[in-house]
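Working notes for the structure below.
Chain letters run A, B, ... following the sequence lines, proteins first and then strands; every chain starts at 1. None of the values given here were measured: they were computed from a predicted structure.
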Protein chains: 2
Amino acid sequence: MYRIALWGFGAMGSGIARNIISKVDLKLVGVHDSRVDYVGKDVGTLLGLEECGVKINGNPMEMIESSNPDLVVIATNSFVSVVKDQIASVVKKGVNVITIAEQMAHPFFTHPEEAEELHNLAVRHGVTILGTGVNPGFVLDTLVIALTGAALNVKKIRAARINDLSPFGPTVMETQGVGTSKEAFEKGIADGSIVGHIGFEQSIYMIAEAMGWTIDRIEQERKPIISNVLRETKYVKVEPGMVAGCNHTAKAYMGDECVIELEHPQQVKPELEKVDTGDYIWIEGNPDLSLCIKPEIPGGKGTIAVATNMIPAVIEADAGLLSMSDLPIPRALIGELYK
Amino acid sequence: MYRIALWGFGAMGSGIARNIISKVDLKLVGVHDSRVDYVGKDVGTLLGLEECGVKINGNPMEMIESSNPDLVVIATNSFVSVVKDQIASVVKKGVNVITIAEQMAHPFFTHPEEAEELHNLAVRHGVTILGTGVNPGFVLDTLVIALTGAALNVKKIRAARINDLSPFGPTVMETQGVGTSKEAFEKGIADGSIVGHIGFEQSIYMIAEAMGWTIDRIEQERKPIISNVLRETKYVKVEPGMVAGCNHTAKAYMGDECVIELEHPQQVKPELEKVDTGDYIWIEGNPDLSLCIKPEIPGGKGTIAVATNMIPAVIEADAGLLSMSDLPIPRALIGELYK
């Protein structure tokens, strides 16, 4: 039984806590969150379950020292600049790390110095670091790479994740520009307040490294998805002519040839304009291969699942900063159902 | 650059030879086949390529000793009883093995004694053995396991590979019962001359082991696919009312609950009765997940691709008898296209 601790108890962190508690081979031993109204409360109670004896600790290092985990899941933030020190502080305690920070899914090309520093630190302390989640971490990279395994050769890879943002709250609506005008969207892209998807570069470099391809440049575009109809969710109302989401695409080139093309249009209520949600992978090569998952793997559940399911593989892996393509194929851990 | 040799130069073996020659990081150094009209001939010439300097050697041990390979691909036969001694003889030379023998894809439950013996032998000689192919080895096991990685929990797994046998020759037509009457089909099943798919048990046990499930029993059925129309290929003519193929299914139970259900109807010209070929995976759990690959991954190319693409991972893996679920996710090796 592996002892697991959690750094961050937000939407994803609390979902991961619930999932860890349900697993036969995992034991939740510690949780850190800095919100004062959470500190000292029982994690089980906060999750609406029975008390589990683990209380939210306001100090991450104290939490790790007192709970003695085999691995800490860090679910705090998307960016290397923020999670790097958090990861390093856990590694220095000799503890393995999984983080759902999108930029950590494959930071070797986007953040080479930080990646090297973390890799060396992990090797020195004999532990493993992995960044993962549903995307980056699974749909637009791991699954793409796995499918190429059945191809004699690959000329070009195209993949799309077409999802529905309707369940998400105000923060996501704002960072995707949902409900704004076309002009406000363009302004938000320019000033960085509308970001689209985080993780295209990581997915592209993970695929390219697995294929042995050297990428010369990546071009990204973020375009507003203008609604033709009224789209309304609990959190946002999109009038016709306004922005229903962000169509974020990325193209990676070797010389003048586009070899990887990823699309991730994210919007509310896509079904109102007959947009089929789904995850799609097209391999152009010998043979051509076309894969779809319909509807798409749900984002929240998918990230919670992948982050939890990779725990044993990360603990058992060689030391270092790894990516999903270094590890055995993911798999669901046995839970309550078949205890 | 890895030095690769090949044992068996039939339809699959010759395809693997051609694929190895095309790969940047692999070098074909030796080939054994026992057919006298092949022995001494240049492999490149036999493949319709330019001469490659490797001649077919009629003696497998001599071929291995003279070519000094890092790994031998064994493409001779489907059954453990036949390939076991071939594998052992290569391992005893301190050389890694990949075999496309279906029963070797996960022999730990179907052939526990042979598996243990081969595992111990591999460990003692510091080399790795892997059985793989498109199926078993990829579609109905590796890909299924990978998809469960995005699930919080899994209640039941159903998967189907619906393919077209039209390109295959007389041997496959006979072992699948294509063109026979319903009565001849039943008789062929009873006397073992019609076998259907080889590998269901291996796929099931590979999935079950990854899920942490203990399978109590497996039930298999082989039913004739009776054609309602005339179906004709280069090798066979199926009149209406005759057998167009074999619908082979397997169900695996934990207690009374069917937890894994695999279907593999194989027939000629399925499109004439509007049967869509494809590879399908349905995960019943949280969330439900539904994946399809359409058309299906072609059997021949898929097996050649997977067997070749796994070569570096097998050479670099820890010693022992492994299965696809122990290794990093498969990926296409770089070939001529992007040299």
Options A/Ala150, A/Gly212, A/Gly15, ranked by heavy-atom pairs under 4.5 Å with chain B, top entry: A/Ala150
With only heavy atoms counted, which part of B/Val134 is less than 4.5 Å from chain A, the side chain, the backbone, both or neither? neither
Donor-acceptor pair, B/Ser323 side chain versus B/Ala105 backbone, under 3.5 Å? no
In terms of heavy-atom pairs under 4.5 Å with chain B, which of A/Gly285, A/Ser325, A/Pro298 leads? A/Ser325
Per-residue contact mode, B/Thr214 against chain A (heavy atom under 4.5 angstrom): neither
Residue B/Asp318 excluded, over 12 heavy atoms near CG under 6.0 Å: no
Which portion of B/Asn19 sits near chain A, non-hydrogen atoms under 4.5 angstrom: side chain
Is A/Glu261 salt-bridged to A/Lys156, cutoff N-O under 4.0 Å? yes
Applying a strict 4.5 Å limit to non-hydrogen atoms, the region of B/Met310 in contact with chain A is neither
Less than 4.5 Å apart, side chain to side chain, heavy atoms only: is that true for B/Ile162 and B/Asp276? no
Would you mind checking which part of B/Leu327 comes under 4.5 Å of any heavy atom in chain A, side chain (CB onward), backbone (N, CA, C, O), both or neither? backbone
Is it true that B/Glu257 and B/Lys155 make a salt bridge, defined as a side-chain N closer than 4.0 Å to a carboxylate O? yes
Considering only heavy atoms, which portion of B/Leu147 lies under 4.5 Å from any heavy atom of chain A: side chain, backbone, both, or neither? both
Salt bridge check, A/Asp279 against A/Arg161: does any charged N sit closer than 4.0 Å to a carboxylate O? yes
Among the options B/Val306, B/Val259, B/Ile145, pick out the one with the most heavy-atom pairs lying under 4.5 Å from chain A. B/Ile145
Okay, B/Thr308 and chain A: the region with an atom under 4.5 Å from a heavy atom over there is neither
Could you measure the distance from the NZ atom of B/Lys301 to the CG atom of A/Leu152? Nearest 0.5 Å is fine. 6.5 Å
Max heavy-atom pair count under 4.5 Å with chain B, selected residue of A/Ala307, A/Pro287, A/Gly302: A/Pro287
Describe, in one word, how the ring planes of A/Phe109 and A/His106 are oriented to each other, choosing from parallel (under 30°), tilted (30 to 60°) and perpendicular (over 60°). parallel
